[in-house]
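Structure first, then comments.
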Number of protein chains: 2
Amino acid sequence: MIMSLRNLKSGSNLKATFMYTGIRVKDLEESVKFYTQVLGMKEKGRSDIEASGGKVVGLVSKEGGPELELNYYGKGSRFAVGYSTGEGLDHLAFQVDDLEKALEEAKKLGHPVALEMKTNSSKWAYIQDPNGIWIELFA
Amino acid sequence: MIMSLRNLKSGSNLKATFMYTGIRVKDLEESVKFYTQVLGMKEKGRSDIEASGGKVVGLVSKEGGPELELNYYGKGSRFAVGYSTGEGLDHLAFQVDDLEKALEEAKKLGHPVALEMKTNSSKWAYIQDPNGIWIELFA
């Protein structure tokens, strides 16, 4: 009943489909290293975007999974403005097999746990990426 | 050759899988309205997160597609700190059937185009969500 109502209310003519999330990074190789070597993502492709003077790297954890795009704006790009991480992006969430082991491994790689959360039935934790973006890890 | 090297370098023991993107929103219902009524996403579920004093709403464009989580921290939550959109999140990208029609429709719904980009072979544009998050539309 509630679902039908919700569907009815989605009456936009845009027919938009959410495709990927683009984060901005201050150092492209440092972020590629974090997402591939710490979180095990794979590079899907790289492009220079002439129109923005930027570079993008597409990353996925697995074929067909959600894509993360790293956006880098170098000197001369009109988008190379000051960087504050901000609150727009709350977090990026990654599932792991074993939370304790994952946190140990992340710590070894220079990304110690920043915050642990617990309820009666579940537990999750955050580490931070090289730009201060919160990465949620949950099992 | 390069792919093999890249795969070899992904030697993390974390075995993490990127699952979803969480954005922070200042007004939960206003953002639900934007993502469902303007961009046509569907609510997948809602939860109160006791541990954070927050509320979350999961949204997808289609079953099995990437998930967007709206995170709201109300009064009393230790995460209800000041909000600046920031640069951590560069943009969220949505594919549309017809870019011109989509931009017209978005404008009618109160979200005029904020930036148009063009190359010889492609064209895309941005509108902004209620919190100033950049939404890329491309066909």
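Predicted model, so just to flag it, every value in this text is computed and none were measured. Each chain gets a letter, A, B and so on, in the order its sequence line appears, and its residues count up from 1.
A donor-acceptor contact shorter than 3.5 Å is absent between the side chain of A:Glu87 and the backbone of B:Thr85.
In this structure, the side chains of B:Glu69 and A:His91 come closer than 4.5 Å at one or more pairs of heavy atoms.
Taking chain B as the reference chain and counting heavy-atom pairs below 4.5 Å, the highest number among A:Ala16, A:Gly82, A:Ala51 is found for A:Ala16. For chain A, the option among B:Gly65, B:Ser52, B:Gly22 with the highest count of heavy-atom pairs below 4.5 Å is B:Gly22. Between chain B and the residues A:Gly86, A:Pro66, A:Ala93, A:Ser61, the largest count of heavy-atom pairs under 4.5 Å involves A:Ala93.
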Problem - Audit row: B:Leu115, A:Phe79, side chain to side chain contact (heavy atoms under 4.5 Å, CB included) steps and yes/no - result: CA-CA 12 Å; B:Leu115 178 68; A:Phe79 301 109; 3.7 Å; yes

Handout entry: Derivation of the side chain to side chain contact (heavy atoms under 4.5 Å, CB included) call for B:Phe18 and A:Lys62
Key = CA-CA 8 Å; B:Phe18 179 38; A:Lys62 57 179 180 187; over 6 Å; no

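One distance of note links OG1 of B:Thr21 with CG of A:Leu68; it measures 7.0 Å at 0.5 Å rounding.
Interface remark: A:Ile133 contributes side-chain atoms only to the contact with chain B (heavy atom separation under 4.5 Å). Contact of B:Leu99 with chain A is not made at all, since no heavy-atom distance falls under 4.5 Å.
Within 6.0 Å of NZ in B:Lys26 there are more than 12 heavy atoms belonging to other residues, nucleotides or ligands.
Contact detail for B:Met19 and A:Gln95: the closest heavy-atom pair is CE-OE1, 3.4 Å.
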